[in-house]
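This report concerns only the one structure given below.
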Amino acid sequence: METTKLVHMVNQIALAFRLQPKDEAVSQTVEHLRAFWSPQMRQELLAYVASGGAGLEPLAKEAAAKLSA
Amino acid sequence: MSFSKDFDQGTPVVSNPERVTVTIDGRSISVPKGTSVMAAAAQLGTSIPKLCATDMVKAFGSCRLCLVEIDGRRGTPASCTTPAEEGMVVHTQTDRLQKLRRGVMELYISDHPLDCLTCSANGDCELQDMAGAVGLRDVRYGHDGQQHRTEPKDESNPYFTFDSSKCIVCSRCVRACEEVQGTFALTIEGRGFGSKVATGAKDFLSSECVSCGACVQACPTATLNEKSVIQLGTPTGVVETTCAYCGVGCGFRAETQGDRVVRMVPSKRGKANEGHSCVKGRFAWGYANHQDRVTKPMIRARITDPWREVTWAEAFTHTANELQRLQAKYGKDSIGGITSSRCTNEEVFLVQKLVRGGFGNNNVDTCARVCHSPTGYGLKQTFGTSAGTQDFKSVAKADVVLVIGANPTDAHPVFASRLKRRLREGAKLIVADPRRIDLVRSPHIEAAHHLALMPGTNVALINALAHVIVTEGLVKTDAVKERCEPADFESWARFIANPINSPEQMEQHTGVPASEVRAAARLYATANNAAIYYGLGVTEHSQGSTMVMGMANLAMATGNLGRDGVGVNPLRGQNNVQGSCDMGSFPHELAGYRHVSDDATRELFEGLWGVSLSSEPGLRIPNMLDEAVEGRFKGLYVQGEDIAQSDPNTQHVVKGLEAMECVIVHDLFLNETAKYAHVFFPGSSFLEKDGTFTNAERRISRVRQVMRPLTGLADWEVTLGLANALGMNLKYSHPSEVMDEIARLTPTFAGVSYAKLDQLGSVQWPCNEKAPTGTPIMHVDRFVRGKGRFMLTEFIPTEERTGPKFPLLLTTGRILSQYNVGAQTARTANVAWHDEDVLEVHPFDAENRGVKTGDLVSLESRAGETTLRAVVTERVQPGVVYTTFHHAKTNANVVTTEFSDWATNCPEYKVTAVQVSRAAGPSAFQKEDRRRDVALRQVEAPHATR
Ligand code: SF4
Ligand code: SF4
Ligand code: SF4
Ligand code: FES
């Protein structure tokens with residue numbers, strides 16, 4: 001998928017959870033990505049984070065990084 | 001089934017726990033207090049002659065035919081207006097009565113054309129029946145006096161005629177239009193002999209009439225008569241089925257001659273509609289026999305090749321080979337399927353079974369993705385289940401109704417009629433909508449508040465409403481304490497009380513005066529029963545899911561859940577949106593909303609299906625198209641959906657479709673998507689198959705076959721054919737067996753079977769051991785998830801913003817006479833009301849651009865450009881323009897963008913930054929699309945030998 005779209009989508013998700021306490025916001029974002037994104041999309045996101053993750057909201061970046069776990 | 005008329009007890013059914021016993025012609029009966037003598041007699045099987053009474057409307061007492069004698073009372077009271085009283089002794093047949101009735105009939109007949117034998121209502125006319133019932137043998141008054149017989153016929157309505165020469169001025173039509181439909185289009189004009197029915201306009205078509213047909217149904221004579229009956233004759237058979245248009249799910253009697261439909265009459269047994277309907281369900285069924293129907297399967301190697309007709313067997317083998325080739329070459333995940341909310345539960349279930357079990361992945365999605373997916377997400381998070389909380393009837397107990405982002409009089413007309421009835425009884429209405437929809441002000445109805453917010457600011461508004469409730473001490477603390485998670489409530493209340501959520505702060509976003517928001521919040525919060533009804537104006541936003549949770553928060557905070565008259569109610573667009581979601585159409589969920597990663601659920605399905613299932617979510621529709629453009633997604637089975645017209649950013653959709661190697665379209669017509677398809681499976685209409693639909697109230701109703709499928713196979717059989725060509729070895733001999741499998745696998749459907757549906761008419765899920773006859777109202781003592789969960793709903797403005805290039809906001813919607821992409825309704829006489837999409841522009845914006853009503857204008861966004869005609873109107877506010885997406889030649893979705901709901905990817909159809917300018921002709925896209933309409937739709941002439 002186009003990177004800009006992927007970044008836009010994950011940022012939107014992270015923002016939706018940002019009012020939660022930090023840990024919870026991260027874990028809910030991760031949970032959301034696991035529940036709704038296909039493995040391929042999650043992998044692409046992981047790869048993007050590994051390559052620097054420009055444009056990702058800090059919360060999105062943190063959550064995305066946790067996807068491999 | 002042989003023909004019999006729907007039972008008519010003459011006056012409306014009364015529900016009252018208090019009962020009275022009366023004796024009628026020597027037999028006694030107990031009826032609810034308030035029941036008329038006429039209805040009590042009817043329940044005993046005694047039909048008292050009547051003309052002005054029908055149980056659709058309140059008794060009027062004008063014809064004087066239904067007279068009876070009552071012991072101890074003087075005179076001969078009208079039985080329709082006389083309530084049965086305890087101990088009453090009634091006589092319906094005496095010499096005196098017969099003489100009086102004959103006299104009445106004589107007067108009627110003396111002014112009536114005596115052409116019964118050739119009249120279109122011959123055999124279906126109450127006047128004729130009554131002449132027989134009272135034993136009328138001759139008419140003493142000459143036919144040469146002053147008469148109505150020369151009145152001209154009004155044939156302007158495409159579906160019914162008004163022949164006033166046959167009118168007996170019983171006013172049943174006028175009352176039906178008022179009481180049942182709530183439109184008030186008809187009046188009785190003049191007095192005495194000169195009185196007649198009038199539309200207040202030149203004719204029916206140019207009047208306020210919305211062609212619901214209630215008056216036609218109410219008319220006892222041939223005055224108001226269906227054109228189809230005039231053409232074909234009266235029906236001889238009847239099949240009970242369910243409307244295939246909107247999510248109201250009206251029950252219908254398909255009245256037939258053999259396997260030909262003569263007319264559709266809304267069924268009194270239909271619990272969603274109780275005998276009422278709209279113009280679509282009652283009249284717009286002609287598409288089923290339209291000449292554009294494709295009846296033979298077709299294949300082609302490239303989309304530029306002409307289609308070649310093949311046998312079903314060849315179509316199945318070819319398609320299975322293609323799909324297997326793609327999976328071998330590009331991997332298991334390179335193909336998928338889309339189920340349709342227009343299809344039955346059984347068909348949807350089979351398509352998702354084909355994808356999960358046959359394709360071996362979870363790449364299945366449904367068109368609910370682009371309409372109500374946020375409802376599923378939001379209500380599941382807060383209440384624990386993805387469905388509306390009430391039955392439609394519940395609105396009759398609401399004291400305040402908050403309608404948000406829905407236009408029921410156009411999109412859910414029969415529900416709108418119920419709602420309007422309640423509003424006329426005094427319930428208060430709050431409308432939150434950028435447009436001044438009809439409900440804001442129509443005959444006998446006026447909204448207490450119209451919160452005319454800017455598109456894209458729903459969450460700001462709902463937070464502001466909640467802020468008032470929390471900070472002004474209007475929370476129903478007991479209900480919250482008893483029923484909701486305390487910690488979640490606390491943090492929500494803290495968040496919402498923050499002044500950033502106050503109406504005063506939010507006004508800069510919503511444009512709604514803070515005082516109006518405060519007043520509306522107080523009205524909602526202090527009502528005994530307050531109910532929320534909402535539509536796609538809520539869901540189709542980048543914060544669609546947040547907004548659904550915001551409404552759920554509001555209802556929980558004010559204790560408005562778990563009883564009649566309250567709740568959070570999605571008005572579903574298509575007939576089976578609820579069902580298609582229930583059936584496991586989403587890529588992450590199996591039937592009954594259970595996540596694919598849940599081992600126990602998967603094992604249950606694996607055990608019965610004998611396959612192993614993937615535990616990973618598959619691709620959603622927009623993701624499939626993205627993956628196609630990237631070259632990884634190659635094959636798609638689309639049942640009953642036209643994504644090239646209905647999905648956002650058409651040019652992106654087309655790019656995705658063009659990048660695939662095997663697109664299979666299963667539809668009634670060669671639709672827009674079929675231009676990019678390699679296989680075409682001709683579909684069958686709802687009249688041609690058996691199955692069930694589940695409406696917005698979770699009501700499961702039967703669809704019954706009225707005629708044989710024109711293609712030879714019903715849609716479920718087509719999916720089965722493909723599945724078996726792929727080696728799945730599925731064996732069903734009837735859709736009822738599919739439902740049995742659904743029941744076995746889905747706890748909320750455990751008690752559902754065709755036998756039960758035949759017995760009860762319909763049931764609302766959950767229907768299982770705990771609720772064997774279904775569940776009209778959800779969350780009665782506790783929420784499905786246990787305790788209700790308040791969610792934080794921060795307002796985050798959409799990134800779709802206006803600017804110098806695109807200074808206006810476009811929002812889209814529907815109109816009464818048309819349905820979605822128009823595949824069906826645009827092929828009916830409904831085009832008399834709406835034959836093209838138009839753009840509503842506020843006079844201020846129009847003047848700035850030199851645009852007048854009727855001008856062709858260009859509508860352009862960063863995604864694309866189309867042209868259509870403008871209508872200058874104050875219905876929209878300055879800065880906002882509005883159109884519908886019913887016609888392919890406009891294809892409004894060329895303009896909408898790929899922005900979508902954060903949680904579900906439901907497209908943000910309701911907010912697009914656009915520019916409007918005068919145009920000389922069609923846009924480049926439209927020109928190219930018209931070329932493709934011809935080039936990509938060629939069909940090879942069939943071989944003589946084949
Ligand atoms: S068709 Fe419906 S709206 Fe039109 S006059 Fe009859 S009842 Fe009224
Ligand atoms: S049109 Fe039919 S229903 Fe209306 S007043 Fe005349 S006879 Fe009665
Ligand atoms: S379109 Fe909707 S309201 Fe109209 S008849 Fe059909 S189900 Fe009923
Ligand atoms: S039916 Fe009772 S007065 Fe007409």
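A, B, ... follow the sequence lines: proteins, then strands. Residue 1 opens every chain. Just so you know, these numbers use all the heavy atoms, side chains as well, and skip hydrogens, waters and symmetry mates.
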Quick one: of B/Glu627, B/His595, B/Arg632, B/Met791, who has the most non-hydrogen atom pairs under 4.5 Å with chain A?
-> B/Arg632

Quick note, side chain to side chain donor-acceptor pair (under 3.5 Å) partners involving residues 15-26 of chain A, not counting sequence neighbours, are A/Arg18-B/Glu794, A/Lys22-A/Glu62

Inter-residue atom distance B/Asp626.CG - A/Glu44.CD, 0.5 Å rounding | 9.5 Å

Atom group of B/Glu799 that falls short of 4.5 Å from chain A, counting heavy atoms | side chain

Has B/Lys655 got more than 12 heavy atoms of other residues, nucleotides or ligands less than 6.0 Å from its NZ?
-> no

To the nearest 0.5 Å, atom CG of B/Asn905 lies from atom CH2 of A/Trp37 at 8.0 Å

Which donor-acceptor pairs under 3.5 Å do the side chains of residues 584-592 of chain B make with protein atoms, sequence neighbours left out?
{"unit_1": "B/Ser585", "atom_1": "OG", "unit_2": "B/Thr339", "atom_2": "OG1", "d": "2.8"}
{"unit_1": "B/Ser585", "atom_1": "OG", "unit_2": "B/Ser580", "atom_2": "O", "d": "2.7"}

Applying a strict 4.5 Å limit to non-hydrogen atoms, the region of B/Ser542 in contact with chain A is both

Test B/Phe495 against A/Leu19 for side chain to side chain contact (heavy atoms under 4.5 Å, CB included), laying out the working first.
-> CA-CA 9 Å; B/Phe495 153 74; A/Leu19 291 187; 3.4 Å; yes

From A/Arg34, A/Arg42, A/Gln40, residue fulfilling side-chain hydrogen bond (donor to acceptor under 3.5 Å, both in side chains) relative to B/Glu616 = A/Arg42

Distance col, row A/Glu2:CD vs B/Glu630:CD, nearest 0.5 angstrom, shows 7.0 Å

When only heavy atoms count and the cut-off is under 4.5 Å, which of residues 4-11 of chain A reach chain B?
-> A/Lys5, A/His8, A/Met9

For A/Pro39 and B/Pro617, the nearest pair of non-hydrogen atoms, with its separation, is CD-O, 3.5 Å

Please state whether the side chain, the backbone, both or neither of B/Tyr377 comes within less than 4.5 Å of a heavy atom of chain A.
-> side chain

Distance (rounded to the nearest 0.5 Å) between B/Asp333 CG and A/Ser38 OG | 8.0 Å

Of all residues at least two apart in sequence or in a different chain, which pass the ring-ring contact (aromatic ring centres under 6.0 Å, His included) check with B/Phe795?
-> B/His509

Which one, B/Asn623, B/Val596, B/Asn363, B/Leu619, leads in non-hydrogen pairs under 4.5 Å with chain A?
-> B/Asn623

